[in-house]
Amino acid sequence: MEMISQNKSFDGWHKQYEHDSAVLNCRMRFAIYLPPQVAQGRMVPVLYWLSGLTCTDENFMQKAGAQRVAAELGIAIVAPDTSPRGDDVADRDQYDLGKGAGFYVNATQEPWQSHYQMYDYVVKELPELIEANFPVSQQRAIAGHSMGGHGAITIALKNPQRYRSVSAFSPITNPINCPWGQQALETYLGKNREAWKQYDSCELMRSVGSQPENHLPMRVDQGEADDFLAEQLKPAALQAAAEASGYPLSLELHTGYDHSYYFIASFMEDHLRFHWQHLSD
């Protein structure tokens with residue numbers, strides 16, 4: 001693991017690292033914000049942030065304005081890249097597939113299978129690396145935006161024992177029924193739509209909703225002026241799945257807000273304090 005940059009922020013440190021990923025079969029980059037409490041010898045909990053289409057580890061760290069509150073509360077933030085990278089990694093000449101668009105799934109189709117194992121990277125390899133090399137506890141939360149919101153919710157629903165809480169901004173909630181999701185799932189997983197359901201928040205929520213022991217505190221914020229709201233994001237479908245299954249979802253709609261980081265920055269403090277309630281239990 002090699003540190004490639006560091007910047008002091010609110011008496012903590014934002015750092016970028018590169019490492020060789022055995023899961024993704026390529027060299028990967030991630031960012032971590034370490035709050036000032038680590039300099040006092042404290043082990044701090046971690047929020048994993050999953051970004052959306054076209055993003056890298058840098059978008060959230062530079063635009064969300066999360067460091068001030070993370071420093072106050074004592075939360076580390078880890079932001080991985082959104083896909084494998086490298087000259088030998090399969091790609092498409094479009095923004096919503098290939099590099100920058102890993103959709104946090106384990107691909108089963110060629111030429112994607114050898115590199116696009118983002119689910120295993122986020123759930124297993126990256127946390128093991130973080131917990132082995134930084135002063136963090138095993139108290140974890142997960143959050144994300146758009147494609148990353150899809151990743152955060154599906155990962156949390158499938159691994160409730162690994163996380164204390166989950167939140168999302170403008171998540172792709174029902175990918176088996178939207179153009180972005182259908183294209184990605186068919187490309188990475190093949191034409192069998194039954195296989196897609198394991199990466200669909202609505203389908204997963206219906207399957208685990210009747211098991212209260214597997215419920216996690218979940219917050220979703222959605223801007224009502226989001227250009228992708230009706231066709232791609234479908235928050236009403238997630239709300240319906242939560243109501244049908246009894247899952248404890250808090251869905252907040254915000255008049256006038258769009259899909260951008262202006263929206264995320266406006267409510268990031270609320271999300272961090274939401275997670276802190278459960279990380280500090």
Side-chain angles (χ1 to χ4, degrees), residues 24 26 28-30 49-60 62-64 79-122 142-155 168-193 195-204 220-223 225-238 257-264:
L24 302 178
C26 67
M28 288 293 286
R29 189 175 73 186
F30 68 87
W49 174 269
L50 306 184
S51 292
L53 290 165
T54 76
C55 291
T56 68
D57 65 290
E58 295 184 333
N59 300 73
F60 174 83
Q62 294 179 0
K63 296 179 179 181
D81 203 345
T82 52
S83 76
R85 304 283 179 171
D87 292 341
D88 61 340
V89 173
D91 196 15
R92 288 276 181 86
D93 188 20
Q94 56 191 89
Y95 78 94
D96 53 0
L97 202 63
K99 293 179 187 177
F103 269 82
Y104 305 102
V105 305
N106 285 341
T108 59
Q109 306 299 300
E110 294 298 347
W112 314 97
Q113 185 175 11
S114 58
H115 294 288
Y116 285 76
Q117 303 293 312
M118 286 298 294
Y119 176 88
D120 279 352
Y121 179 71
V122 170
I142 191 165
H145 171 233
S146 193
M147 177 187 72
H150 142 78
I153 296 174
T154 56
I155 286 170
F169 291 89
S170 316
I172 303 170
T173 69
N174 194 201
I176 66 174
N177 288 315
C178 79
W180 275 340
Q182 290 168 344
Q183 173 185 249
L185 296 175
E186 181 172 339
T187 299
Y188 297 139
L189 304 179
K191 295 183 181 297
N192 180 7
R193 293 177 67 94
W196 301 3
K197 292 181 179 180
Q198 65 181 307
Y199 297 110
D200 186 286
S201 296
C202 295
E203 296 291 333
L204 289 169
V220 172
D221 283 58
Q222 175 63 61
D226 192 318
D227 289 340
F228 305 112
L229 178 61
E231 183 180 30
Q232 304 282 14
L233 306 179
K234 302 183 182 297
L238 187 67
Y257 284 93
D258 59 18
H259 199 69
S260 70
Y261 266 87
Y262 294 108
F263 171 45
I264 295 171

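Keep in mind that the numbers below use all heavy atoms, side chains included, and drop hydrogens, waters and symmetry copies.
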Donor-acceptor contact below 3.5 Å, side chain [X] vs main chain [Y]:
X	Y	answer
Asp91	Lys99	yes
Tyr116	Ala90	yes
Gln198	Ala195	yes
Lys197	Arg193	no
Gln109	Leu189	yes
Tyr199	Asn106	yes
Thr154	Asp200	no
Glu231	Cys178	no
Ser83	Gly102	no

Apply side-chain contact (heavy atoms from CB on, under 4.5 Å) to residues Phe169 and Ser146 and explain how you reach the verdict.
CA-CA 6 Å; Phe169 291 89; Ser146 193; over 6 Å; no
Distance only, no hydrogens: is a donor on one side chain within 3.5 Å (strictly under) of an acceptor on the other, for Ser201 and His150?
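Side-chain D/A pair, Ser201 to His150: absent.
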Before accepting this row, confirm whether a basic side-chain N of the pair Arg29/Asp81 lies closer than 4.0 Å to the acidic partner's carboxylate O.
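No salt bridge links Arg29 with Asp81.
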Centroid separation His145 to Phe60 less than 6.0 Å:
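Distance test on ring centres: not under 6.0 Å, no.
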Verify the ring-centre separation between Phe228 and Trp180: is it less than 6.0 angstrom?
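Judged by ring-centre distance (under 6.0 Å), Trp180 and Phe228 do meet the cut-off.
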Holding to salt bridge (Lys or Arg N to Asp or Glu O under 4.0 Å), I want the full list of residues that pass it with Asp221, two or more places apart in sequence or in another chain.
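For Asp221, the residues satisfying salt bridge (Lys or Arg N to Asp or Glu O under 4.0 Å) (neighbours in sequence not counted) are Arg219.
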Any side-chain heavy atom of [X] sitting closer than 4.5 Å to one from [Y]?
X	Y	answer
Leu229	Pro235	yes
Leu233	Gln222	yes
Leu97	Gln183	yes
Gln182	Pro175	no
Thr56	Arg85	yes
Trp196	Glu186	yes
Asp226	Tyr257	no
Thr82	Asp57	no

Of the non-hydrogen atoms in [X] and [Y], which two are nearest, and what is the gap between them?
X	Y	value
Gly149	Ala168	CA-CB, 3.8 Å
Ile142	Ala152	CG2-O, 3.8 Å
Phe103	Asp96	CE1-O, 4.0 Å
Pro80	Phe30	CA-CB, 4.0 Å
Tyr104	Ser51	OH-O, 2.8 Å

Please walk me through it: do Ile155 and Leu50 pass side-chain contact (heavy atoms from CB on, under 4.5 Å)?
CA-CA 11 Å; Ile155 286 170; Leu50 306 184; 4.0 Å; yes
From CA spacing to verdict: side-chain contact (heavy atoms from CB on, under 4.5 Å), Thr54, Asn59
CA-CA 10 Å; Thr54 76; Asn59 300 73; 5.8 Å; no
Look at the rings of Trp112 and Tyr188 and say which category their plane angle falls in: under 30° parallel, 30 to 60° tilted, over 60° perpendicular.
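Judged by the thresholds at 30° and 60°, the geometry between Trp112 and Tyr188 is perpendicular.
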Lys191 side, atom NZ; Leu185 side, atom CG - distance, nearest 0.5 Å:
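Between Lys191 NZ and Leu185 CG, I get 12.5 Å after rounding to 0.5 Å.
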Surrounding OH of Tyr262 (heavy atoms of other residues, nucleotides or ligands, distance under 6.0 Å), is the total greater than 12?
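For Tyr262, atom OH is not crowded (no more than 12 foreign heavy atoms under 6.0 Å).
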Which residues pass the side chain to side chain donor-acceptor pair (under 3.5 Å) test with Asn177, sequence neighbours left out?
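Asn177 satisfies side chain to side chain donor-acceptor pair (under 3.5 Å) with Asn174 only.
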Could you walk me through whether Gln117 and Val105 satisfy the side-chain contact (heavy atoms from CB on, under 4.5 Å) test, starting with their C-alpha distance in whole Å, then the side-chain angles of each, then the deciding distance to 0.1 Å, before giving a yes or no?
CA-CA 6 Å; Gln117 303 293 312; Val105 305; over 6 Å; no
